[in-house]
Amino acid sequence: MGNKIFAATAALRVLESWGVKHFYGIPGGSTGSLMDAAYQEQDRISFIRVRHEEVGAMAASMHAKMTGHIGVVLGSAGPGGTHLMNGLYDAREDHVPVLALIGQMASKNLNWDAFQEMNENPIYADVSVYNRRVVNGQQLPHVIDEAIRRAYHEKGVAVVELPTDLGWDLIDEDSFYSSADNWRDYPHPTLNDADIDAAVKILNEAQRPVIYAGIGTRGNGDAVVELSKKIKAPIVSTAIAIDNFDDSYEAFLGSAGRVGRKTAIEAVSEGDVLLLAGTNYPFAEPFHMWDHYEKVIQIDINNEHLGKRHHNDATILGDAGDALRAITAKAEEKPESGWWRANVKNVANWREYVTKLETSRSGTLYSPQVFDAINKIADEDAIFSIDVGNTTMHSVRHLHLTQKNMWRTSPIFATMGIGLPGAITAALDFPGRQVFNLAGDGAMSMVAQDLATASYYHLPIISVVFTNKQFGFIKGEQEETNLDYFGVDFADTDFKKVAEGFHVRAFTVNDPADLDTVFAQAKEIAASGEPVLIDAKVSGARPLITEFIPLDEKIYGKEKSEAYKERFDAQDLQPLRVYLEEEGLDSRLLAVAQARKAASDTKAASDTDDSTNAAHTEEA
């Protein structure tokens, strides 16, 4: 028999064996044994005390997104645990491994309807891939090991509920083991040559190919670009893959959809062959984005995703990087085409437009101007933790990213408040790298208390709050769908004072002319090892609308086109159609609009004839 240790200490040693360096949470009476274990193991694993459990769970989720390693969070029985749900669902939706340690009342108090006693297993059933209550101390390290293995294997949330007294059970120090050394990642599937050949044939015959790259191409951005250059296909990325490419690449169109760029949406609407690489884009079907494509090719490592969003004409099961390199090796080298040149011109025109917005230093402070100041002070490998809302939209349009940067958010669950938790874990996980938290005032209000966490642990986060006194993204939705704006406007918050109350240095910016000076000072403070916040009082003007772009006078008419340009200061912005026609190509969108108008005119003429005939019949 060996030395005796607490079962909870054994549990933390299992975490350590899997490479866990820190875990988040708030202590509670039902987590006492785990706190004793954290005290004993503090030289090997750190407990990061947050000010709200939701922040801890979101930090654990963002940790997994940023590192690929399991995130761990602690919640006490009852409210401490239920506060974790937002972060746990974020992890579930993004398919990243997270372990939630849930406290429970001492086992002798269970089934007595004791204080904060809850039947916790059903609470976490939906969010988890593994969900167990420990029933004796000896099994605790085994259950933790199993939970971690399952979270990695099933790419999801594992939940372990621990009655606190069981963590104090003494077990033999040599009576448990970890399977961490036995874990192996799956090798990439062997590519099917016939599937590669089918994709190559389609691409060789394509006239207007578009590459739609998703998160599955992460780490293989160069392979996407190499194929793009060879077959002369512009690249569209999902927002979550935007840091996989250098923004300066001439044929990089950015992301499509509401938070995307005009360039991407136009190209997607005009293409004839679509190559989906590592993306399970959830907006494709509701908005019929790909219905017009003559051919669709899909690459995905997950069989479950193949054919999920659209019927495929060629399907490749495998790693996106492997498949792209295989296609590139076999595809024909294409000369520059009118399609290629038109999209490159469209990108150049778009960049001129956003540069004008960004570099202006006059008028009311506007978010693109703030992003220009961010770009000026950002290190080449800066990490951006992006909150949900208009900040997301502005970031994918105005951050000048390269493959050295990291850009993370809550893309599927889309929970507000994710920016600061992501920045907290980034500062802990990547010491020495510059970290930004970019958030709107609505989102920042949800998690502002954890500026205290950044201050306490001396995390050199640069927080930028875009204060426009509204839920801007939802306000934009209400413009399209509701009777009027309602419930989306609120009073101003002085985030400088809020930050200073938590011992964080802070600035307020109202004038665009002050941006560069303030951001330079903020960079110096962060470089000294302390957090800093900038409260940018920005205009509430809606960002350029891209889900519907009435820019083209030939399609939407002069009145709508001029109103759109006037509203978004877009007088020099050109529709892709202009560049297509310069290259001797027709616009599919224009052809569709003309066909609809002809059909409408025909119907109107028919209705007139019917009315005339009916009147003649009545007279007769």
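- Checking side-chain atoms of Asn375 against main-chain N and O of His400 turns up a donor-acceptor pair under 3.5 Å.
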- request: Test Phe252 against Ser237 for side chain to side chain contact (heavy atoms under 4.5 Å, CB included), laying out the working first.
  value: CA-CA 8 Å; Phe252 180 59; Ser237 80; 3.7 Å; yes
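- Screening residues 431-465 for ring-ring contact (aromatic ring centres under 6.0 Å, His included) gives Phe384-Phe436 as the qualifying pairs, with residues at least two apart or on separate chains.
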- request: May I have the step-by-step check of side chain to side chain contact (heavy atoms under 4.5 Å, CB included) for Ile549 and Ile265, ending in yes or no?
  value: CA-CA 9 Å; Ile549 311 175; Ile265 292 159; 4.2 Å; yes
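- Under the side chain to side chain contact (heavy atoms under 4.5 Å, CB included) criterion, Arg542 pairs with Arg258, Glu479, Glu480, Ile545, Glu547, Arg567, sequence neighbours left out.
- The pair Arg261-Asp247 counts as a salt bridge, with a side-chain nitrogen and a carboxylate oxygen less than 4.0 angstrom apart.
- Here the side chain of Ser228 pairs no donor or acceptor atom with the backbone of Pro234 at under 3.5 angstrom.
- Salt bridge status for Asp90 with Lys65: present, with a side-chain N to carboxylate O gap under 4.0 Å.
- Evaluated for a side-chain contact (heavy atoms from CB on, under 4.5 Å) with Arg92, the options Ile412, Val98, Asp126 yield exactly one hit, Asp126.
- The CD1 atom of Ile301 lies 14.0 Å from the CD atom of Glu304; values are rounded to the nearest 0.5 Å.
- A donor-acceptor pair is defined here as one N or O able to donate and one able to accept, closer than 3.5 Å; no such pair exists between the side chain of Ser76 and the backbone of Gly28.
- No donor-acceptor distance shorter than 3.5 angstrom exists from the side chain of Glu16 to the backbone of Lys21, with no hydrogens or angles considered.
- When all heavy atoms of Ala180 and Ser178 are compared, the closest pair comes out as N-OG, 3.0 Å.
- His311 and Gln298 are not linked by any side-chain donor-acceptor pair at a separation below 3.5 angstrom, with hydrogens and angles left out of the test.
- Across all their heavy atoms, Pro27 and Arg49 have their closest contact at CD-CG, 4.2 Å.
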query: Run the side chain to side chain contact (heavy atoms under 4.5 Å, CB included) check on Leu162 and Gln104 step by step: do they pass?
result: CA-CA 6 Å; Leu162 175 64; Gln104 180 57 281; over 6 Å; no
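- Heavy atoms of other residues, nucleotides or ligands lying less than 6.0 angstrom from CG of Asn182 number more than 12.
- The local environment of NZ in Lys295 is sparse, with at most 12 non-hydrogen atoms from other residues, nucleotides or ligands closer than 6.0 Å.
- When ring centroids are compared, Tyr130 and Tyr124 stay outside the 6.0 Å threshold.
- No donor-acceptor pair closer than 3.5 Å links the side chain of Asp246 to the backbone N or O of Ser248.
- For the pair Met118/Ile123, a side-chain contact is recorded, criterion being any heavy-atom separation below 4.5 Å from C-beta on.
- The side-chain heavy atoms of Leu533 and Phe495, taken from C-beta on, include a pair separated by under 4.5 Å.
- With salt bridges taken as basic N to acidic carboxylate O contacts below 4.0 Å, one links Asp243 and Arg218.
- Judged purely by atom type and a 3.5 angstrom limit, His310 has no side-chain atom pairing as donor or acceptor with the backbone of Met289.
- Considering only residues two or more places apart in sequence or on other chains, Thr409 meets the side chain to side chain contact (heavy atoms under 4.5 Å, CB included) condition with Ile386, Val388, Trp407, Pro411, Ile418.
- Of all heavy-atom pairs between Gly307 and Asn312, the closest is N-ND2, 3.3 Å.
- Thr279 places no side-chain N or O within 3.5 Å of a backbone atom of Leu276 that could act as its donor or acceptor partner.
- Using a cut-off of 4.0 Å between Lys/Arg side-chain N and Asp/Glu carboxylate O, Arg13 and Glu41 are scored as salt-bridged.
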- request: Go through Phe371 and Phe466 one step at a time and tell me if the ring pair (Phe, Tyr, Trp, His ring centres under 6.0 Å) criterion holds.
  value: CA-CA 10 Å; Phe371 274 91; Phe466 297 83; 5.2 Å; yes
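- At least one side-chain heavy atom of Val96 sits less than 4.5 Å from a side-chain heavy atom of Ser61.
- Listed by chain and number, the residues in a side chain to side chain contact (heavy atoms under 4.5 Å, CB included) with Thr67 are His63, His69, Asp429, Phe430 (sequence neighbours excluded).
- No side-chain heavy atom of Ile102 sits under 4.5 Å from any side-chain heavy atom of Val160.
- In this structure, Ser269 has no side-chain hydrogen bond (donor to acceptor under 3.5 Å, both in side chains) partners at least two apart in sequence or on a different chain.
- The shortest heavy-atom contact between Thr391 and Gly440 is OG1-N, 3.2 Å.
- The residue from Thr238, Asn220, Asp222, Thr217 that alone fulfils the side-chain hydrogen bond (donor to acceptor under 3.5 Å, both in side chains) condition with Asn244 is Thr217.
- Listed by chain and residue number, nothing satisfies the ring-ring contact (aromatic ring centres under 6.0 Å, His included) test with Phe473 (two or more places apart in sequence, or in another chain).
- Counting heavy atoms from C-beta outward, Leu420 and Ser463 have side chains that approach closer than 4.5 Å.
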task: Apply side chain to side chain contact (heavy atoms under 4.5 Å, CB included) to Arg150 and Glu146, showing your working.
output: CA-CA 6 Å; Arg150 292 282 290 275; Glu146 178 73 14; 3.7 Å; yes
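- Checked against Ser367 for a side-chain contact (heavy atoms from CB on, under 4.5 Å), the options His398, His394, Met393 give a single hit: His394.
- Side-chain atoms of Ile148 and Leu99, non-hydrogen and from C-beta on, do get closer than 4.5 Å to each other.
- Judged purely by atom type and a 3.5 angstrom limit, Asp441 has no side-chain atom pairing as donor or acceptor with the backbone of Thr467.
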task: Verify ring pair (Phe, Tyr, Trp, His ring centres under 6.0 Å) between Tyr24 and Phe47, making sure each step is shown before the conclusion.
output: CA-CA 6 Å; Tyr24 300 92; Phe47 175 67; 8.8 Å; no
message: Between Asn280 and Arg309, does the side chain to side chain donor-acceptor pair (under 3.5 Å) criterion hold? Intermediate values first, please.
response: CA-CA 7 Å; Asn280 179 35; Arg309 303 297 181 185; 2.9 Å; yes
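- Counting only heavy atoms from C-beta outward, the side chains of Ile462 and Val464 approach each other to under 4.5 Å.
- Here the side chain of Asn405 pairs a donor or acceptor atom with the backbone of Thr402 at under 3.5 angstrom.
- Side-chain contact check for Ser179 and Arg149: at least one donor-acceptor pair (N or O, by modelled atom type) lies under 3.5 Å.
- Atom CD of Glu226 is surrounded by 12 or fewer heavy atoms from other residues, nucleotides or ligands within 6.0 Å.
- Considering every non-hydrogen atom in both Ala323 and Ile299, the closest pair reads CB-CG2, 3.6 Å.
- In this structure, Leu306 and Leu317 have side chains that are in contact, with non-hydrogen atoms separated by less than 4.5 Å.
- Between the Thr315 side chain and the Asp195 main chain, no donor and acceptor come within less than 3.5 Å of each other.
- With respect to Arg433 and Asp381, a salt bridge is recorded, a charged nitrogen being found less than 4.0 Å from a carboxylate O.
- Here the closest non-hydrogen pair linking His292 and Gly271 is CD2-O, 3.5 Å.
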